[in-house]
Amino acid sequence: VNGQSFAITGSPQTVILTGLTADGNSVNVTADFSADGACTVTSNGLFTAPAPCPPACTISVAAGNQTACVPATSQYTQEVIVTYSNEPGTGTL
């Protein structure tokens with residue numbers, strides 16, 4: 001079935017196709033028997049693949065420059081370097 005092989009177990013038989021590309025496109029399915037190439041069927045647009053999966057977000061942090069403590073307030077400033085990819089299109093960091 002679509003290039004994947006399954007043992008014959010009896011009709012009707014449910015098979016699970018794996019490794020399919022999530023691209024939102026219509027999927028044609030062809031089924032045939034390895035021992036009888038004349039026995040084949042193709043069903044155009046049998047189902048629609050889901051839309052592409054959003055890429056996984058990655059994020060890391062590192063410490064940057066730090067100022068000295070201000071005696072009058074007992075406060076300081078710290079630079080934090082945030083590196084990320086595949087961030088969401090909205091919201092805040």
Side-chain angles (χ1 to χ4, degrees):
V1 180
N2 279 27
Q4 298 183 32
S5 296
F6 304 92
I8 298 170
T9 61
S11 181
Q13 179 172 342
T14 300
V15 298
I16 298 174
L17 300 176
T18 60
L20 303 176
T21 301
D23 58 12
N25 291 327
S26 178
V27 178
N28 301 334
V29 174
T30 299
D32 57 22
F33 292 103
S34 61
D36 185 357
C39 187
T40 184
V41 66
T42 296
S43 181
N44 292 321
L46 184 63
F47 58 90
T48 301
C53 307
C57 170
T58 60
I59 190 167
S60 65
V61 294
N65 296 321
Q66 184 181 78
T67 64
C69 180
V70 177
T73 62
S74 195
Q75 294 182 343
Y76 68 99
T77 300
Q78 175 70 52
E79 182 180 76
V80 175
I81 303 162
V82 182
T83 304
Y84 50 85
S85 64
N86 302 317
E87 67 276 4
T90 61
T92 60
L93 172 68

Would you be so kind as to tabulate the donor-acceptor pairs closer than 3.5 Å made by side chains of residues 36-52, with sequence neighbours excluded?
unit_1: D36; atom_1: OD1; unit_2: A38; atom_2: N; d: 3.3
unit_1: T40; atom_1: OG1; unit_2: A31; atom_2: O; d: 3.3
unit_1: T42; atom_1: OG1; unit_2: T30; atom_2: OG1; d: 2.9

Tell me which donor-acceptor pairs under 3.5 Å the side chains of residues 4-21 have, and how far apart each pair is, sequence neighbours excluded?
unit_1: Q4; atom_1: OE1; unit_2: T18; atom_2: N; d: 3.3
unit_1: Q4; atom_1: NE2; unit_2: T18; atom_2: O; d: 2.9
unit_1: T9; atom_1: OG1; unit_2: Q13; atom_2: OE1; d: 3.3
unit_1: Q13; atom_1: OE1; unit_2: T9; atom_2: N; d: 3.0
unit_1: Q13; atom_1: NE2; unit_2: A7; atom_2: O; d: 2.7

Would you say I59 ends up clustered with I81 if hydrophobic residues are merged whenever their side chains have heavy atoms under 4.5 Å apart, either directly or through other cluster members?
no
If only atom types and distance count, is the side chain of N86 paired as donor or acceptor with the main-chain N or O of A56 below 3.5 Å?
yes
Under 4.5 Å between side-chain heavy atoms, counting indirect links through other Ile/Leu/Val/Met/Phe/Trp/Tyr residues: same cluster for F33 and V1 or not?
no
Once side-chain hydrogen bond (donor to acceptor under 3.5 Å, both in side chains) is applied, do any residues pair with S85, and if so which ones, sequence neighbours excluded?
T58
Taking T77 for the side chain and T67 for the main chain, is one N or O donor matched with an acceptor at less than 3.5 Å?
no
Counting N and O atoms only, with roles assigned by atom type, does the side chain of Q78 sit under 3.5 Å from a partner on the main chain of G64, one being a donor and the other an acceptor?
yes
Spell out, yes or no, whether L93 and V80 are grouped together once hydrophobic residues are joined by side-chain heavy atoms under 4.5 Å, including indirect joins.
yes
